[in-house]
Amino acid sequence: MNKVYNLQEELKEHLRQIIIDLGCDKDKINVIIEEPKEKSNGDLATNCAMQLARELKKSPKMIAQEIVEKINKEEYNIERIEIAGPGFINFFMNNKYLTQIIKQVLTLNEQYGRSDTGKKQRINVEFVSANPTGDLHLGHARGAAIGDTLCRILDMAGFNVTREYYINDAGNQIHNLALSTICRYEQLLGKNSEMPEDGYYGQDIVDIAKKLNLLYGDKYLEDTKERYDLFRNFAKNYELEKIKVDLASFNVTFDVWSSEEALYKEHKVEEAIERLRNKGYIYESEGATWFKSSAFGDDKDRVLRKSDNSLTYLTPDIAYHIDKLDRGYDILIDILGADHHGYVPRLKASMECLTGDSDKLEALIIQMVRLIKNGEEYKMSKRSGKALTLKDLIDEVGVDAIRFFFVSRSSDSQMDFDLDLATKQSNENPVYYAQYAHARICSILRQAEEKKLESVLLDEYHLIDSDKAFEVLKKLAEFPKTVATGALKRAPHIITNYVIDLAQAFHSFYNAEKVINDEDIEKTGQLLALVKATQITLRNSLNLIGVSAPEKM
RNA sequence: GGGGCGUUAGCUCAACUGGAUAGAGCAACGGCCUUCUAAGCCGUCGGUUAAGGGUUCGAGUCCCCUACGUCCCGCCA
């Protein structure tokens, strides 16, 4: 947390004290300080006088007047204070308030933006979790970009983050993967085999079959348990490796890869049912085993074990979430596609039943992405294997542009991904706007270095005095708070907005003012410090989105 | 029928626990490169925040209602 941000907090506390002295109930006081959009309304402002009007039974303006008289301006680097409009108190800060941020940034460097907002709470974020039955596609890309960015933000805001991928490697889909692989293998060897009903028709399955053929020849033409197990595992691992490679090239990594199959092997799935049974919320009906989830807010009860004795997908998922709780996390976040949102209440019901801790689970629902090609929706079908994969997307559009695009929209909104726009007009993507600012900065710093001009480290930069420079400084100061807000609201898109704002402030400053001036080495040194601080903040914020900060463009 | 999410400028989207004149990018128009990168800057144009009602000093934001879009409502995952 930087000094400027702390100063805001201190000022808040100062105001709180003043208000209490005016005779307000201290439990009701929630002082809000904000940075007005309109700069004629000051650098900081508070609406607290208006909020107190009713309780104190005085006009907001009078209250504001009384508050202002008691404020210690010097201690909080306040130049002057105005009361405006219906009762806003506007603070105009002095040069020291803004310029001291530079030293903070330069000193903290890549740590700038960190805060202890999360209080080291242990938080587990599960995302992507695609079945290892094929390539990742567009929807996964959005989930991956948002999930990974959220993790980076949470980490910087002081949470202890675990990134987790849950591998559904025990269900029907893996079964179909195994059968599809076997079929393709047999077809390679000249047999007229038919694909299973819900088979996977992608080229990748054919590739797997070819590899198996290469390894084992025609050894596995006969239908045996051994063949099934071998092919199943081979195909699963092949697909999983492919997913890992694609994610890595998308700058996404995980700390924990959890396996559904492992839950079975460790008997955690059976155990989950028994634990629910011991609580008295399991019953048998129509030959199936039911969980009375409606007792915990679900709209109906759910089947855990079907009448054919197999388990529904919910059952291992309950075991999985209980397992996560058992591992001691304070918060669990599931990042889910919109098509799974109805799934959350039943999962929470199980957690509530077993631990009473269902509040620890948060679901971040990500709305659907439509792929637009040639001006119309491009439907992807698993059956034909026709889909736009993450890998294709990276090759055509590039990691930076994709990540920025996906993260820049609120996850609550559906979005269209227009492929033609993304590839053809990629220069118009806002990500380049931000990266360009960084490249410009690097160019300035390179030239300064050639001229042996150096930035200086000071407590106060009295030669920095232009409005454009102050706008940049204000943005720099906002960074830690922005990260904290993004973390608490689980809203990564706040960071992309910030990046654009900061880049804009810098571009504007750049055009208005020349940094390198051989005639005035002292001022150049101070401005170079500002430029460096901007570089650091831009780099740190781009890094949160997983986007590169190029030195040249 | 029930529920989740959405509806803001011509297009794609913002707007921090309710705040001051609702902002960016793209598109359109007009300026700015003998000066650190013009992938840039400055300016202009563009709005009944889907419609209607309510709450209050104050609503894009909260409540109610209607319409439209989308997703879910399985002993599929």
Side-chain angles (χ1 to χ4, degrees), chain A residues 30 32 34-38 40-41 45 47 50-51 53-54 59-60 84-88 90 131 133 168 171-174 176 198 285-290 299-300 302-314 317 337-345 363 365-368 370 405 408-416 418 421 425-433 435-437 439-448 451 468 478 481-482 484-486 488-489 491 493-494 496-498 500-501 503-504 506-517 524 527 531 552-553:
Chain A
N30 180 24
I32 297 170
E34 56 181 7
E35 289 143 27
K37 288 174 219 161
E38 179 62 42
S40 66
N41 289 327
N47 61 355
M50 283 137 78
Q51 290 183 320
R54 200 175 317 169
S59 80
F88 286 100
N90 296 337
N131 294 330
T133 55
N168 284 102
N172 245 328
Q173 306 203 358
I174 295 293
N176 285 328
D198 293 313
S285 175
E286 299 166 63
T289 303
W290 295 71
D299 51 356
K300 54 183 155 187
R302 305 292 167 181
V303 171
L304 296 185
R305 188 189 303 280
K306 299 179 245 177
S307 50
D308 69 357
N309 214 31
S310 65
L311 299 174
T312 63
Y313 69 100
L314 176 62
D317 262 20
D339 50 344
H340 283 76
H341 85 270
Y343 181 58
V344 178
I365 306 295
I366 298 185
Q367 296 298 321
M368 295 294 165
R370 290 197 312 166
F405 180 76
S408 62
R409 268 76 164 175
S410 158
S411 48
D412 289 335
S413 308
Q414 300 172 46
M415 58 191 287
D416 290 345
D418 189 326
L421 210 72
Q425 306 190 337
S426 63
N427 280 2
E428 287 163 12
N429 190 309
V431 73
Y432 298 103
Y433 181 83
Q435 291 181 319
Y436 186 53
R440 273 183 152 173
I441 287 171
C442 292
S443 174
I444 294 174
L445 295 178
R446 275 194 299 270
Q447 294 189 35
K451 294 187 175 187
K468 299 287 188 188
E478 279 173 29
K481 197 171 86 177
T482 305
T485 305
L488 292 174
K489 300 187 74 165
H493 74 275
I494 286 179
T496 52
N497 290 344
Y498 174 81
I500 294 299
D501 283 353
Q504 185 174 50
F506 181 79
H507 280 310
S508 186
F509 162 78
Y510 176 94
N511 276 274
E513 198 163 350
K514 195 156 187 308
V515 174
I516 295 175
N517 179 1
T524 299
L527 286 175
V531 169
K552 282 184 184 171
M553 282 176 78

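Convention: sequence-line order gives letters A, B, ...; per-chain numbering from 1.
- Rounded to an integer number of Å, the gap from CZ of Arg370(A) to P of C71(B) is 9 Å.
- The listed nucleotides are C42(B), G3(B), A20(B); the one nearest the side chain of His341(A) is G3(B).
- Taking CG of Asp339(A) as the reference point, atom CD1 of Ile366(A) lies at 11.0 Å (rounded to 0.5 Å).
- With hydrogens and angles ignored, the 3.5 Å screen pairs no side-chain donor or acceptor of His341(A) with any backbone N or O of Ala363(A).
- Across all strands shown, Ala439(A) has heavy atoms under 4.0 Å from base atoms, whether or not it also approaches the sugar-phosphate.
- With P as the reference atom, A14(B) and G6(B) are 10 Å apart, rounded to whole Å.
- A donor-acceptor contact under 3.5 Å is not formed by the side chain of Thr312(A) with the base of C75(B).
- Side-chain atoms of Arg440(A) lie closest to G40(B) of the nucleotides G69(B), G40(B), U12(B).
- Distance from the side chain of Tyr436(A) is smallest to A39(B) among C76(B), A39(B), C71(B).
- Using modelled atom types and a 3.5 Å distance limit, the side chains of Tyr313(A) and Asn168(A) yield no donor-acceptor pair.
- Side chain of Ile500(A), nearest nucleotide from A24(B), A20(B), C75(B): A24(B).
- Contact annotation: Tyr433(A) side-chain N/O to A24(B) OP1/OP2 distance is not under 4.0 Å.
- At a threshold of 4.0 angstrom between heavy atoms, the contacts of His493(A) are confined to the sugar-phosphate backbone, with no base atom among them.
- In this structure, the nucleotide among C42(B), A38(B), A77(B) sitting nearest to the side chain of Lys468(A) is C42(B).
- One can place CZ of Arg305(A) at 12 Å from C1' of C75(B), the figure rounded to the nearest angstrom.
- In this structure, Lys300(A) reaches the sugar-phosphate backbone alone: every heavy-atom distance under 4.0 Å involves primed, P, OP1 or OP2 atoms, never a base.
- When distances run from any side-chain atom of Asp412(A) to the nucleotides A14(B), C5(B), C75(B), the shortest one goes to C5(B).
- Residue Lys514(A) has no polar side-chain atom (N or O) positioned under 4.0 Å from OP1 or OP2 of C41(B).
- For the pair Ser408(A) and Glu286(A), nearest-nucleotide mapping onto RNA chain B gives the more 5' position to Ser408(A).
- Between the side chain of Asp339(A) and the base of A77(B), no donor-acceptor pair under 3.5 Å is found.
- The side chain of Phe88(A) approaches G19(B) more closely than any other nucleotide in the set G19(B), C5(B), C42(B).
- Relative to the side chain of Gln504(A), the nucleotides C75(B), A77(B), G25(B) differ in distance, and G25(B) lies closest.
- At the phosphate of A77(B), neither OP1 nor OP2 sits under 4.0 Å from any side-chain N or O atom of Thr133(A).
- For the pair Phe509(A) and Tyr313(A), nearest-nucleotide mapping onto RNA chain B gives the more 5' position to Phe509(A).
- With distances taken from any side-chain atom of Gln367(A) to the nucleotides A14(B), G4(B), A77(B), the minimum falls on G4(B).
- Under the 30°/60° scheme for interplanar angles, the aromatic rings of Phe506(A) and Phe509(A) are found to be tilted.
- In RNA chain B, consecutive stretches of 3 or more Watson-Crick or G-U wobble pairs with both distances under 3.5 Å are given as paired ranges: B:1-7 with B:67-73, B:10-13 with B:23-26, B:28-32 with B:40-44, B:52-54 with B:62-64.
- For the pair His507(A) NE2 and G25(B) P, the interatomic distance rounds to 11 Å; values are reported in whole Å.
- Comparing the same atom, C1', in U8(B) and in G25(B) gives a spacing of 15 Å after rounding to whole Å.
- The side chain of Ser508(A) lies closest to C42(B) when the candidates are C13(B), C42(B), C71(B).
- Between the side chain of Thr312(A) and the backbone N or O of Val303(A), at least one donor-acceptor pair lies under 3.5 Å.
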